[in-house]
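Structure record follows, encoded as structure tokens.
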Amino acid sequence: MERKHVSAFAIYQSTVTHSISPNEVSPIKKRKKRKLQNGQPIVKSKTIKKKNAAVRNGLQAKKKEKQERTLNEEEPQHREMADNDTPSLPTLLDTLTKVNNSRERANSLFQWFIHPVPLKTFLRDTWEKKPLLIKRHKLEYYKGLFSTAEFDRALREDNVQFGVNLDVTSYINGKRETHNPPGRALPYTVWNFYESGCSLRMLNPQAFSSTVWNVLSILQELFGSMAGANVYLTPAGTQGFAPHYDDIEAFVVQLEGKKHWRVYNPRTEDEVLPVVSSPNFNQAEIGKPILDVVLEAGDLLYFPRGFIHQGDCLPDAHSLHVTISSYQKNSWGELLTKLVPAALEIAMEEDVEYRKGLPLDYLSYMGVQNSDKEDPRRAEFLSHVGSLMKKLVAYAPVDAAVDQKAREFLHDCLPPVLTPVEKASSVYGAPARWEDGEALGLVIHMRPQTRIRLIRAGIARLCSDGEEVSLYHTVENSRVYHQEELKSFEIRPEHTDAMEFLLHSYPKFVTVSSLPCDTTEEKLSLADLLFEKGLIHTAEPPKSE
């Protein structure tokens with residue numbers, strides 16, 4: 001059963017003073033006053049006592065049922081970690097390298113992030129609907145994902161740029177400011193900002209952390225949408241950002257220290273699952289929080305887009321957390337913005353009804369200035385518009401619009417982090433080398449019996465651009481968002497069926513001879529091309545001649 005939250009600072013004080021679990025409220029027994037009659041206690045008969053007890057129990061049962069129903073419908077979910085048998089992140093990632101299916105890897109990794117809530121339960125009851133709080137009391141749970149030591153190392157060893165990779169922010173007396181100087185974010189300057197009370201936001205930690213890159217590249221196959229991340233390092237007793245809502249599904253993963261979070265319902269129906277993020281709000285605009293909690297290392301907080309939130313540090317502890325995000329611009333409406341114009345263009349080409357001229361006098365009865373007119377021509381006009389809109393569905397190129405969305409997703413994607421097996425059995429582990437003044441190991445022969453498959457389920461997509469068929473892929477993407485253009489190459493007509501067969505066969509390995517091409521030469525040609533591009537690997541490490 002879900003339980004009501006208590007205030008964040010009450011939670012914090014109770015954990016420090018009495019070591020009580022945040023959702024375990026100690027019962028306080030109060031001595032009941034006995035009613036008196038003529039100065040003496042009233043003594044009721046056993047019959048009356050039993051009758052009153054039955055009524056009281058019935059009322060209590062109804063009250064309890066109502067409370068549980070209210071909590072289930074309105075309160076943010078709160079789950080306690082029940083077991084300590086879950087693996088560490090490094091152990092899990094190592095185990096996942098042995099999982100044969102990249103979709104299964106994604107499901108397993110996400111299930112670990114939200115444990116103990118089952119994935120199906122989360123997607124059915126919580127996703128896009130309401131916040132979820134998971135308190136673990138296990139400080140090391142997310143250890144290995146990212147740390148302040150890695151933050152410092154990136155500043156020293158990598159080209160971290162203010163405004164591109166790092167933001168310096170503050171939120172004092174209701175005023176939110178950004179303090180980015182130009183140029184590289186060197187440790188001396190960055191830590192000086194931090195010591196002065198500024199919050200640090202690393203915008204693309206996957207560019208500097210191989211673990212964050214690996215995690216996001218795995219999760220993006222679950223979401224079917226870009227998985228991104230921001231890292232936030234906040235000094236004790238400060239707040240870096242004003243209350244606001246975002247246009248992404250957010251998973252706040254607490255890595256170090258503690259942070260006090262308040263989450264608020266969307267203010268209106270118009271702000272449920274918004275298309276864009278909000279401006280900064282002041283406290284008077286957002287009402288009372290539905291969730292007020294202190295996250296400690298190992299805890300997770302999820303909230304859907306549109307839920308207003310703000311986080312501030314307690315006086316005695318800094319905070320490091322990473323927010324993993326997804327589902328930006330991935331709604332039905334976004335698909336329809338691509339679909340409707342295309343459907344209209346096709347309809348106008350194929351159906352004369354869409355090409356017929358508007359009524360000569362339509363300006364005299366339509367438009368805002370005529371919206372209050374009682375004119376039968378208005379009803380007829382609106383009816384005809386509705387008829388044309390209804391017919392438009394028949395012209396809608398749904399698959400083509402989905403492919404447009406897919407190409408955007410592939411451009412957003414991180415490149416895959418290959419497992420040792422994938423690397424050894426692909427072009428990335430090919431034995432090409434320089435030795436004794438000459439290049440060796442350059443010729444790798446595919447044979448009809450060679451077994452091949454795609455490196456990842458979501459690594460490539462076959463799309464048609466008019467008469468040309470192209471294969472779009474992610475293997476050459478950058479770890480920095482959109483630093484590279486979307487990559488693709490043309491697929492010859494005689495290879496199209498074979499490419500579809502290969503895409504649909506994943507995760508099974510198939511022999512080159514099973515590819516549905518007309519000749520063995522065409523089968524080998526396609527396999528060689530895909531191997532050279534880094535899109536497939538073989539069941540056994542390839543051998544050169």
Side-chain angles (χ1 to χ4, degrees), residues 127-130 224-226 242-249 264-282 284-287 304-308 326-412 463-468 470 472 482 486:
W127 177 252
E128 291 191 319
K129 296 181 181 69
K130 56 186 176 181
S225 178
M226 184 187 75
H244 66 283
Y245 63 72
D246 295 312
D247 60 346
I248 46 90
E249 301 300 296
Y264 309 75
N265 274 322
R267 300 179 304 169
T268 65
E269 284 295 319
D270 293 341
E271 293 180 356
V272 174
L273 302 179
V275 177
V276 295
S277 298
S278 74
N280 294 330
F281 297 122
N282 60 52
E285 294 177 289
I286 57 179
R305 53 197 190 276
F307 277 77
I308 300 167
S326 192
Y327 251 56
Q328 186 178 53
K329 300 187 184 302
N330 207 41
S331 65
W332 284 101
E334 291 291 336
L335 176 64
L336 290 174
T337 60
K338 302 180 184 304
L339 182 59
V340 173
L344 191 56
E345 185 177 342
I346 294 170
M348 291 183 71
E349 289 178 358
E350 298 184 5
D351 192 333
V352 69
E353 289 297 315
Y354 292 88
R355 301 196 300 270
K356 287 182 178 179
L358 292 163
L360 292 174
D361 58 348
Y362 81 101
L363 292 177
S364 66
Y365 56 85
M366 295 307 298
V368 174
Q369 70 180 39
N370 302 311
S371 58
D372 293 330
K373 271 189 175 182
E374 294 290 337
D375 191 321
R377 294 175 298 175
R378 283 184 58 84
E380 184 180 351
F381 189 96
L382 292 172
S383 176
H384 190 62
V385 169
S387 176
L388 292 175
M389 293 292 290
K390 188 175 181 179
K391 284 178 64 178
L392 201 59
V393 175
Y395 301 101
V398 178
D399 286 326
V402 168
D403 281 345
Q404 277 189 274
K405 287 289 295 174
R407 287 197 293 268
E408 290 180 356
F409 167 50
L410 291 176
H411 192 197
D412 295 344
C463 298
S464 175
D465 298 316
E467 296 181 358
E468 184 178 293
S470 297
Y472 293 83
H482 284 191
L486 177 60

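Keep in mind that what you see is a predicted model, and the values were worked out from it rather than measured. Throughout, numbering of the chain's residues begins at 1 and tracks the sequence.
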Quick one: CG on D375 to CD on E380, what's the gap to the nearest 0.5 Å? 10.0 Å

Sub-3.5 Å donor-acceptor pair from the side chain of D247 to the main-chain atoms of K329, do we have one? no

Backbone N/O of Y362 and side chain of R377: donor-acceptor pair under 3.5 Å: no

Between D246 and I248 (side chain of the first, backbone of the second, donor and acceptor by atom type, cut-off under 3.5 Å), is there such a pair? no

Answer yes or no: is there a side-chain heavy-atom contact under 4.5 Å between L339 and P397? yes

Within-4.5 Å side-chain heavy-atom neighbours: E408 and E334: no

Given 3.5 Å as the limit, does a donor-acceptor pair link the side chain of S278 with the main chain of H244, or not? no

In this structure, CZ of F381 is separated from CG of D361 (nearest 0.5 Å) by 10.0 Å

I'd like to know if the side chain of Y327 and the backbone of S225 have a donor-acceptor N/O pair within less than 3.5 Å. no

Which atoms form the tightest heavy-atom contact between A396 and A343, and what is the distance? CA-CB, 3.6 Å

Which value, rounded to the nearest 0.5 Å, describes the distance between Y395 atom OH and E345 atom CD? 14.0 Å

Between CG of N280 and CD1 of I308, what distance do you get to the nearest 0.5 Å? 11.5 Å

Correct closest heavy-atom pair for R267 and E285 would be CD-O, 3.2 Å

Considering all heavy atoms of both residues, which atom of S326 and which atom of M226 are nearest to each other, and what is their separation? OG-O, 3.0 Å

Could you check whether any side-chain heavy atom of D412 comes within less than 4.5 Å of a side-chain heavy atom of H482, counting everything from C-beta outward? yes

Which residues pass the ring-ring contact (aromatic ring centres under 6.0 Å, His included) test with Y472, sequence neighbours left out? none

Could you check K356 against H384 for side-chain contact (heavy atoms from CB on, under 4.5 Å), going step by step and ending with a plain yes or no? CA-CA 12 Å; K356 287 182 178 179; H384 190 62; over 6 Å; no

Within a reach of under 6.0 Å around CG of L358, are more than 12 heavy atoms found that belong to other residues, nucleotides or ligands? yes

Heavy-atom donor-acceptor pair, K373 side chain to S364 backbone, under 3.5 Å: yes

Which value, rounded to the nearest 0.5 Å, describes the distance between E249 atom CD and F307 atom CZ? 9.5 Å

Say whether, by atom type as modelled, one donor and one acceptor occur between the side chain of R355 and the main chain of E349 under 3.5 angstrom. yes

Taking atom CG as the centre, does D372 end up with more than 12 heavy-atom neighbours from other residues, nucleotides or ligands that are less than 6.0 angstrom away? no

Please name the pair of heavy atoms, one in V402 and one in L335, separated by the smallest distance, quoted to 0.1 Å. N-CD1, 3.9 Å

On a heavy-atom basis, the closest approach of N370 and L363 is ND2-O, 3.2 Å

Taking atom CG as the centre, does D399 end up with more than 12 heavy-atom neighbours from other residues, nucleotides or ligands that are less than 6.0 angstrom away? no

Which value, rounded to the nearest 0.5 Å, describes the distance between F409 atom CZ and D403 atom CG? 13.5 Å

How far apart are the closest heavy atoms of P266 and E271, and which atoms are they? CB-O, 3.8 Å

Non-hydrogen side-chain atoms of Y264 and Y245 separated by less than 4.5 Å: no

Does the S470 side chain pair with the main chain of C463, one donor and one acceptor, at a distance under 3.5 Å? no

